[in-house]
Amino acid sequence: MSDIADRYRTRADNFAAVIAAVRPDQWRNQSPCADWKAVDVVRHIVDMHEVMLQPLGRSLSPAPPVDDDPMGAFNAARADIEEVLADPEAARAEAQTPMGKMPVEVHIDGVVSADMVLHGWDLAKATGQEYTIPPEEIERAAAMEGAIPDELLRPIAFGPRVAVPDDATPQDKLLAFIGRDPNWRPA
């Protein structure tokens, strides 16, 4: 198993744990993403799994709708990506991305896999869960700053940067960089 596949599995396990802790009455809670409820965070992650499959001419396997079964929808999408990552030929196939051509596995690692870390925070906050981004994930995500042009990040993936004090924690600085108020709480 590759490092990318291992990292994906760890991130997916962590995201699934957040989904599992959501009570049925919390799925309509507002998330830190202005236009999304808690269920929409999972929908986005599932939708991004399909985007990762498109360069291979694949779609998501049949699954329950996110609104009916967020965990079932996520697990089905996860299985599709894990199948790709377990197949060296598929994982190394070339994908055309907004940042140029790259292997499918690299695109998965940098987009949907990394998204689960950041959106895990969104889902946790929307549903009153504690969530700490692991330090190695903070370091990996912080490397984006300056490595990817802001004009690619802001309109596609991140909101406007949020101001935080100079002495903010690394997690708070990362959240502010991606456009999240680290102190956000549901209304």
So how far is it from [X] [atom1] to [Y] [atom2], rounded to the nearest 0.5 Å?
X: Leu118; Y: Leu123; atom1: CG; atom2: CG; value: 13.0 Å
X: Ser113; Y: Met52; atom1: OG; atom2: CE; value: 10.5 Å
X: Leu85; Y: Glu105; atom1: CG; atom2: CD; value: 7.0 Å
X: Asp115; Y: His44; atom1: CG; atom2: NE2; value: 4.0 Å
X: Asn75; Y: Ile19; atom1: CG; atom2: CD1; value: 7.0 Å
X: Ile108; Y: Ile81; atom1: CD1; atom2: CD1; value: 4.0 Å

Any ion pair linking Lys37 and Asp40 (charged N to carboxylate O, less than 4.0 Å)? no

Does Leu60 belong to the same Ile/Leu/Val/Met/Phe/Trp/Tyr cluster as Val84, with side-chain heavy atoms less than 4.5 Å apart forming each link? yes

State plainly whether one hydrophobic cluster holds both Ile133 and Val162, where clusters connect Ile, Leu, Val, Met, Phe, Trp and Tyr through side-chain heavy atoms under 4.5 angstrom apart.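 No, Ile133 and Val162 fall in different hydrophobic clusters.
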
Between [X] and [Y], which heavy-atom pair has the shortest distance, and what is it?
X: Ala126; Y: Pro186; value: O-CG, 4.3 Å
X: Ala141; Y: Leu174; value: CB-CD1, 3.6 Å
X: Pro65; Y: Ala73; value: C-CB, 4.3 Å
X: Ala176; Y: Val164; value: CB-CG1, 3.5 Å
X: Phe74; Y: His49; value: CE1-CE1, 4.1 Å

Looking at residues at least two apart in the chain, or sitting in another chain, which of them share a ring pair (Phe, Tyr, Trp, His ring centres under 6.0 Å) with Trp27? none

Donor-acceptor side-chain pairing of His119 and Asp122 below 3.5 angstrom: yes

Donor-acceptor side-chain pairing of Thr127 and Asn29 below 3.5 angstrom: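 Side chains of Thr127 and Asn29: no pair found under 3.5 Å.
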
Side chains of [X] and [Y]: does their closest heavy-atom pair fall under 4.5 Å?
X: Asp13; Y: Arg78; answer: yes
X: Pro32; Y: Arg180; answer: yes
X: Gln171; Y: Trp121; answer: yes
X: Val39; Y: Val66; answer: yes
X: Val111; Y: Met48; answer: yes
X: Lys173; Y: Pro182; answer: no

More than 12 heavy atoms of other groups within 6.0 Å of Glu130 CD: no

Asn14 vs Val18, test: side-chain contact (heavy atoms from CB on, under 4.5 Å). Steps then yes/no. CA-CA 7 Å; Asn14 291 339; Val18 177; 6.0 Å; no

May I have the step-by-step check of salt bridge (charged side-chain N to carboxylate O under 4.0 Å, His left out) for Asp109 and Arg11, ending in yes or no? CA-CA 10 Å; Asp109 190 47; Arg11 290 167 168 174; 3.4 Å; yes

Qualifying salt bridge (charged side-chain N to carboxylate O under 4.0 Å, His left out) pairs with a residue from residues 88-99, counting only residues at least two apart or across chains: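 As it turns out, the salt bridge (charged side-chain N to carboxylate O under 4.0 Å, His left out) pairs with a partner in residues 88-99, which skip direct neighbours, are Glu94-Lys101.
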
Can you tell me which residue pairs pass the salt bridge (charged side-chain N to carboxylate O under 4.0 Å, His left out) test with a partner in residues 58-67, sequence neighbours excluded?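 Only Arg43-Asp67, Arg58-Glu83 qualify under salt bridge (charged side-chain N to carboxylate O under 4.0 Å, His left out).
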
Are Glu136 and Arg140 close enough, and set up right, to give a salt bridge (charged side-chain N to carboxylate O under 4.0 Å, His left out), and what steps lead you there? CA-CA 6 Å; Glu136 66 275 10; Arg140 191 175 286 109; over 6 Å; no

Hey, mind stepping through Phe177 and Arg161 against side-chain contact (heavy atoms from CB on, under 4.5 Å) and telling me if it holds? CA-CA 5 Å; Phe177 169 69; Arg161 190 184 300 257; 3.4 Å; yes

Does the side-chain contact (heavy atoms from CB on, under 4.5 Å) test come out yes or no for Glu50 and Ser59, once each step is laid out? CA-CA 6 Å; Glu50 181 151 39; Ser59 297; 3.3 Å; yes

